[in-house]
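Just so you know, these numbers come straight off a predicted model, no measurement behind them.
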Amino acid sequence: MSQQGARPARQEDDWWGELYDGTTQDTGPAQAPDSLDDRFASARNAVTERPRPPEPSPSREPSPPPDPSTSPEPERTGPPLPDHLVAPADLPDYVGSGPPTYEPEPTALPPADPDALDGLVPDTVLDGARYGACTLRALSQRGDSARYRGEPRRDALLTARFGAGDQALVLVAMATGARAVSGAHLAAAEACRGIARAVGRSHQRLAQDIRAARRGDLRPGLHRLTDRALGGLRASAATDAPVAVLRCLLLPADPDCRIRVFFGVGDGGLFRLRDGAWQDIEPRLTADDTAPDAPLGDGRASLDFGALPGGGRASLDFDALPGDGRTAPRPGAPRPGSPDPRPPREPFLFRASVARPGDVLVLCTAGLADPLREAEALRARLARRWSGGTPPGLAAFLADARVRVKGYADDRTAAAVWEA
């Protein structure tokens, strides 16, 4: 259709002409009824009905949602985190080719006597403190074998502070009862209490000697205290054989004193972690140190009369015989040339070392010392965990010190000192 005066209609307007062409027939009325109800129903359907979603093809079934347990974990990019930044729960509780045979958690409790409940010992003991320039973490835990068999922990641990302020002295004592001794766990606990009583009564003098670095006074003095503590146990057991292993650490609370003193008898380990590398600083023994008549301390028994006015100390050596250099025989010693029926003497161990900032000093019983010496994977694991500069919390230290190694199932007792 076009306006007046416009040019003839274009091709797209032909449909209009066809509509009004005189030859086109009218469609006429619809054959279906067209009542008011029909119109109402048509309007209602147009308003209320919604298009239905297409039904899925019968050949395609909807895929189930992915299973989270079988879904692959997203790949981590970048270098792995160092061990000392990883939570202990995210690391395996063992090192080596596979887990040990025993279960990692306690299984059976030791038997209890209703009339001797004081003899019960817990499965695990954990302690810690911070004095002067050092932070202490200590642990004693029943071994996997004892947990499985329902045996008590033969290792004992005692931590104590004597004195106050910068004059205080911290003692860490650990002991292991001999397997052949009845009530070995009680003997170990009594050994720790015995040396603690002896050190506590002499703590002022010991603290002064440590600060002044009087090694010549410390070694024989601590040897006498150790013999006194273990002598009562041997007498109670009516034997000359070793009753318990005893290993101790003395830490002065004075922040200006970095001397750390180790002493004791029996097997175990003394290690130092310095600049990320382990050093075995256990005192070395000679054949003479294990002889039944091994000399006391530095090889000469002496009677100490105390300090002299103006400096120095007065003492009298009384076991050296003039002329031939021999020492006086001890009571009960066999005659020269006859076999000695007594067992070898427990060698006394002593070491005084100067700590550096960043050092970690580790004292332990054989339960940890043996795998630490022989399992490279354990040394590497603990070196990474403890070289970060920041001491771990008690829970983290427990998780680190209990890392298991196949073939080592004895009790573990350890004390670690971080130097600030």
Side-chain angles (χ1 to χ4, degrees), residues 129-136 159-173 195-196 198-229 246-265 268-275 279-286 289 295-317 347-363 415-420:
R130 184 174 68 248
Y131 286 99
C134 62
T135 299
L136 171 67
T159 54
R161 172 181 59 88
F162 301 106
D166 292 347
Q167 308 301 316
L169 185 64
V170 177
L171 166 70
V172 181
I195 194 62
V199 169
R201 293 167 184 155
S202 306
H203 75 275
Q204 293 180 345
R205 169 68 183 277
L206 289 172
Q208 293 173 1
D209 288 344
I210 293 175
R211 287 194 297 270
R214 300 190 188 106
R215 186 182 184 278
D217 293 336
L218 283 170
R219 181 184 176 96
L222 292 173
H223 196 171
R224 283 190 290 269
L225 297 182
T226 303
D227 280 347
R228 188 179 307 167
L246 179 62
R247 304 173 67 82
C248 305
L249 194 62
L250 293 177
L251 307 171
D254 188 350
D256 296 329
C257 180
R258 289 190 175 271
I259 298 178
R260 312 293 180 239
V261 176
F262 157 73
F263 68 95
V265 293
L270 181 65
F271 304 92
R272 180 168 55 204
L273 183 60
R274 174 173 289 176
D275 298 330
Q279 301 174 359
D280 190 342
I281 59 175
E282 179 83 1
R284 304 303 178 190
L285 299 176
T286 62
D289 293 327
L296 179 67
D298 56 359
R300 301 176 66 88
S302 61
L303 183 62
D304 194 351
F305 294 99
L308 296 173
R313 304 191 65 81
S315 61
L316 175 64
D317 296 330
F348 178 72
L349 306 174
F350 175 89
R351 185 182 183 101
S353 59
V354 179
R356 299 178 185 175
D359 284 356
V360 182
L361 185 66
V362 178
L363 174 66
V417 181
W418 276 259
E419 300 290 344

Inset, instruction - Check the pair Glu419 / Arg272 against salt bridge (Lys or Arg N to Asp or Glu O under 4.0 Å), numbers first and verdict last. - result: CA-CA 11 Å; Glu419 300 290 344; Arg272 180 168 55 204; over 6 Å; no
Inset, instruction - Of all the heavy-atom pairs spanning Leu225 and Ala198, show the shortest one and how long it is. - result: CD2-CB, 3.9 Å
Inset, instruction - Please round to the nearest 0.5 Å and tell me the distance separating atom CZ of Arg274 and atom CZ of Arg356. - result: 4.0 Å
Legend entry - Arg258 (side chain) donor-acceptor with Arg260 (main chain) under 3.5 angstrom: no
Legend entry - Distance (rounded to the nearest 0.5 Å) between Leu361 CG and Cys134 SG: 9.5 Å
Legend entry - Exceeds 12 heavy-atom contacts within 6.0 angstrom, atom CD of Gln279: yes
Legend entry - Donor-acceptor pair, side chain of His203 and main chain of Gly200, under 3.5 angstrom: yes
Legend entry - Nearest-0.5 Å distance, CG of residue Leu363 to CZ of residue Phe271: 9.5 Å
Legend entry - Contact check, side chains of Val417 and Val172, non-hydrogen atoms, under 4.5 Å: no
Inset, instruction - Report the distance from atom CZ of Phe162 to atom CZ of Arg201, rounding to the nearest 0.5 Å. - result: 9.5 Å
Legend entry - Nearest-0.5 Å distance, CZ of residue Arg284 to CZ of residue Arg351: 9.0 Å
Legend entry - Result of checking Leu249, Leu222, Leu251 against Val261 for side-chain contact (heavy atoms from CB on, under 4.5 Å): Leu222
Legend entry - Ile195 side, atom CD1; Leu171 side, atom CG - distance, nearest 0.5 Å: 7.5 Å
Inset, instruction - Can you see which heavy atom on Asp166 is nearest to which on Arg211, and at what distance? - result: O-NH1, 4.0 Å
Inset, instruction - Sort out for me which residue in Ile259, Leu206, Leu250 forms a side-chain contact (heavy atoms from CB on, under 4.5 Å) with Leu218. - result: Leu206
Inset, instruction - Looking only at non-hydrogen atoms, find the nearest pair between Pro283 and Phe350 and report the distance. - result: CG-O, 3.6 Å
Legend entry - Distance-minimising heavy-atom pair for Phe348 and Arg219: CE2-O, 3.7 Å
